[in-house]
Amino acid sequence: MAYREELAGLPGVTLVPQDTEGLLDLDAALGGCPLDGRLLLRSGGAAAGGGGALGGPLHTERFGAAAVVPVADPGGGFEVELRRSGRTVRVEPGRSLLDAVREAVPGVAYSCEEGWCGTCETKVLAGTPEHHDSVLGEEERAAGASMMICVGRSRAPRLPLDL
Ligand code: FES
């Protein structure tokens, strides 16, 4: 709301503060939106992956992280196989996959470490990743072809990655 006075003066801009108006009714709000319109959401982890009433891709910009899911592996951690590096690293419960990977691949790309920027997206070669990010849509999660290793885990004892 830092720019509310500037935004309120722009044509076509409607501000809906959640603290006074409640949650935005997206279907109603997007019903009159032009197909090339842009929607800015302060958060919106559930919004990715579809255009809803827009009928096309929905572009969002995030201004903060989605709720952080606590990291805990009931099975006691897992191993990550870094195929290109030829190394296998153990990821203990309570330790992030990214931290474990950085030991073996110091130059691995990352930024937010909270699962919302997409910088650490990594190709999954096999296994079943457990997603905790707010970048991938439902179809991408189900496909399991990539994951955000800063917050992601593994549902299997071993997770082969393209690193
Ligand atoms: S570092 Fe931002 S999503 Fe992983």
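Counting starts at 1 for both ligands and their atoms, following the listed order.
- Results of the side-chain hydrogen bond (donor to acceptor under 3.5 Å, both in side chains) test with D162 over K123, R83, R84 single out R84 as the only residue that passes.
- By the side chain to side chain contact (heavy atoms under 4.5 Å, CB included) test, A126 pairs with P160, sequence neighbours left out.
- Residues meeting the salt bridge (Lys or Arg N to Asp or Glu O under 4.0 Å) test with E79, sequence neighbours left out: R158.
- Tested against L161 for a side-chain contact (heavy atoms from CB on, under 4.5 Å), the candidates T122, V89, L125, V108 yield a single pass: T122.
- Taking the side chain to side chain contact (heavy atoms under 4.5 Å, CB included) definition, one finds that E21 meets it with V16, P17, sequence neighbours left out.
- Of the charged side-chain nitrogens involved, none lies within less than 4.0 Å of a carboxylate oxygen, so that R141 and E139 do not count as a salt-bridged pair.
- Listed by chain and number, C112 SG, C117 SG are the protein N/O/S atoms closer than 2.8 Å to atom 2 (Fe) of ligand 1, with waters left out.
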